[in-house]
Participant: 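Please read through the structure below; I'll follow up with questions.
Just so it is clear, the model here is predicted, and its values are computed rather than measured.
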Amino acid sequence: MTGTPERPLEEGVRTDFHGAMSYGRYLDLERLLSAQHPRSVPEHHDEMLFIVQHQTSELWLKLVLHELREARALMDADRLEPALKCLARVKAIQRTLIQQWSVLATLTPREYAEFRGALGSSSGFQSHQYRAVEFVLGNKSAAMLKVFESEPEAHALLTTLLEEPTLYDAFLRLLARRGLDVPADVLERDVREPWAFREDLVPVFRRVYEERDLPWGLYEACEDLVDLEDNVQEWRFRHLRTVQRTIGFQRGTGGSSGVGFLRKALDLTFFPELYAVRGEVGA
């Protein structure tokens with residue numbers, strides 16, 4: 001073999017960061033990498049996996065929420081194309097979140113049982129960022145705010161999102177401004193309520209899917225929303241299967257029924273009309 005055993009530093013590579021911005025300072029790595037605090041005594045080796053898995057998920061959820069709120073604002077401003085760029089990024093993040101379950105699935109039932117008691121009453125159900133994403137997508141629940149009364153910032157964020165229009169509301173209003181016949185009461189609905197299926201929206205989406213003279217971006221947005229929901233459902237399913245693989249049918253640490261409770265989430269939908277219209281196109 002040829003080559004050198006090491007790569008020498010190039011002459012221009014900076015090595016002195018006294019008083020200068022470094023990679024670690026920019027990312028606040030000192031704080032980030034010291035935020036893992038296993039609770040098991042003695043500390044169990046695999047608890048670090050459990051903590052890092054969930055912390056990284058929360059970081060990705062923060063970015064998902066950031067992008068969804070921006071997409072909603074862009075739709076409100078009639079800037080559909082950059083809004084679709086935000087949704088494309090969200091879909092890429094969702095694929096990463098889905099794949100992450102394969103890492104947690106390396107945790108065996110015995111390994112998890114050895115430190116599960118250290119979790120106390122904490123549970124992923126209490127993730128305010130996951131709940132915020134669901135609120136933005138339309139699965140709102142005022143009753144859910146009670147879970148976060150002990151966390152003022154989380155409670156304030158969810159209260160704000162509860163009272164704001166969803167991403168779907170913003171898209172429907174954009175469709176109305178583009179000349180499609182979105183019913184007036186849909187545009188004026190109480191946005192604090194969870195979305196409920198509207199049969200009278202199906203013909204609106206049928207136009208988007210069938211009429212070739214409409215802007216392509218409207219069709220693309222519909223398909224992006226379907227992609228978002230499909231990804232959420234796949235994430236929910238992988239969550240369910242990982243939990244079942246790890247603890248079987250035991251109750252959740254947060255008091256839920258565990259797998260049975262997670263299975264009910266598979267019946268929740270964000271954009272039902274975008275699925276219903278598929279039975280009408282070309283009929």
Participant: Are F115 and H44 close enough, and set up right, to give a ring-ring contact (aromatic ring centres under 6.0 Å, His included), and what steps lead you there?
Facilitator: CA-CA 6 Å; F115 69 84; H44 193 284; 5.5 Å; yes

Participant: Would the distance check show the side chain of E234 and the main-chain N or O of I98 forming a donor-acceptor pair, the cut-off being under 3.5 Å?
Facilitator: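 Absent.
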
Participant: Nearest 0.5 angstrom please: E188 CD to D169 CG, how far?
Facilitator: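 Going from the CD atom of E188 to the CG atom of D169 covers 12.0 Å.
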
Participant: Within 45 degrees of the axis of the six-membered ring of F135 and under 6.0 Å from its centre: does R131 put its NZ or CZ there?
Facilitator: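 Judged by the rule, R131 and F135 form no cation-pi pair.
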
Participant: Check the hydrophobic clustering (I, L, V, M, F, W, Y; side-chain heavy atoms under 4.5 Å; chains of links allowed) and say if L137 and F125 are grouped together.
Facilitator: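 L137 and F125: one cluster.
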
Participant: Looking only at atom types and distance, does a side-chain atom of K91 sit under 3.5 Å from a main-chain N or O of D224, one as donor and one as acceptor?
Facilitator: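 It does not hold such a pair.
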
Participant: So which atom in V182 and which in L172 form the shortest heavy-atom distance, rounded to 0.1 Å?
Facilitator: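 Reported closest heavy-atom pair: CG2-O, 3.6 Å.
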
Participant: For the pair F205 and Y168, name the ring-plane relationship: parallel under 30°, tilted 30 to 60°, perpendicular over 60°.
Facilitator: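 Parallel, since the angle between the ring planes stays under 30°.
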
Participant: Would you check if there is a donor-acceptor pair between the side chains of T108 and E111 at a distance under 3.5 Å?
Facilitator: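 The criterion, which ignores hydrogens and geometry beyond distance, is satisfied for T108 and E111.
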
Participant: If we ignore hydrogens and angles and just use 3.5 Å, is the side chain of Q55 paired with the main-chain N or O of A35 as donor and acceptor?
Facilitator: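 Yes, the answer is positive, given that a donor and an acceptor are paired below the 3.5 Å cut-off.
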
Participant: Under 4.0 Å between a side-chain nitrogen and a carboxylate oxygen: does that hold for E163 and R192?
Facilitator: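 Result for this pair is no, no salt bridge flagged.
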
Participant: Between the main-chain N or O of F270 and the side-chain N or O of E229, is there a donor-acceptor pair closer than 3.5 Å?
Facilitator: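 Indeed, once roles are kept as given, a pair shorter than 3.5 Å links the two residues.
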
Participant: Quick check: closest heavy atoms across F17 and R25, and the distance to 0.1 Å?
Facilitator: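 It is O-NH1, 3.0 Å.
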
Participant: Can you confirm whether more than 12 heavy atoms, excluding those of E153, are under 6.0 Å from its CD atom?
Facilitator: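 No - once you tally the heavy atoms of other residues, nucleotides and ligands closer than 6.0 Å, there are 12 at most.
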
Participant: Which atom names give the shortest non-hydrogen contact between A276 and V202, and what distance separates them?
Facilitator: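 Taking every non-hydrogen atom into account, CB-CG2, 4.0 Å.
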
Participant: Quick one: does any side-chain atom of K140 pair with a main-chain N or O of E134 as donor and acceptor, under 3.5 Å?
Facilitator: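 Answer holds: no.
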
Participant: Output yes when a side-chain donor or acceptor of T56 lies under 3.5 Å from a complementary backbone atom of Q53, and no otherwise.
Facilitator: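 Such a contact is found between T56 side chain and Q53 backbone.
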
Participant: Would you call the rings of H239 and W101 parallel, tilted or perpendicular, taking 30° and 60° as the class edges?
Facilitator: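 Rings of H239 and W101: parallel, as their planes differ by under 30°.
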
Participant: Between Q126 and S121 (side chain of the first, backbone of the second, donor and acceptor by atom type, cut-off under 3.5 Å), is there such a pair?
Facilitator: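 Such a contact is found between Q126 side chain and S121 backbone.
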
Participant: Are side-chain N/O atoms of E47 and Y112 paired as donor and acceptor at under 3.5 Å?
Facilitator: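 Checked: E47/Y112 side chains show no N/O donor-acceptor pair below 3.5 Å.
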
Participant: Could you tell me whether the side chain of Q36 and the main chain of L32 form a donor-acceptor pair under 3.5 Å?
Facilitator: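 At least one qualifying donor-acceptor pair exists.
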
Participant: Passes salt bridge (charged side-chain N to carboxylate O under 4.0 Å, His left out), K146 versus E151? Steps please.
Facilitator: CA-CA 10 Å; K146 187 174 180 61; E151 302 175 49; over 6 Å; no

Participant: Pairing donors with acceptors under 3.5 angstrom, does anything connect the side chains of S40 and E114?
Facilitator: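 There is no such pair (donor and acceptor under 3.5 Å, judged by atom type) between the side chains of S40 and E114.
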
Participant: Donor-acceptor pair, R72 side chain versus P165 backbone, under 3.5 Å?
Facilitator: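 Yes: the side chain of R72 pairs with the backbone of P165.
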
Participant: Over 60° means perpendicular and under 30° means parallel, so tell me whether Y219 and W216 are parallel, tilted or perpendicular.
Facilitator: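 Judged by the thresholds at 30° and 60°, the geometry between Y219 and W216 is tilted.
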
Participant: If you count the non-hydrogen atoms of other residues, nucleotides and ligands that lie under 6.0 Å from CZ in R189, is the total more than 12?
Facilitator: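 Enclosed: over 12 neighbouring heavy atoms sit under 6.0 Å from CZ of R189.
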
Participant: Is the backbone N or O of P203 less than 3.5 Å from a side-chain atom of E280, with the two atoms forming a donor-acceptor pair by type?
Facilitator: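 Between the backbone of P203 and the side chain of E280 there is no qualifying donor-acceptor contact (under 3.5 Å).
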
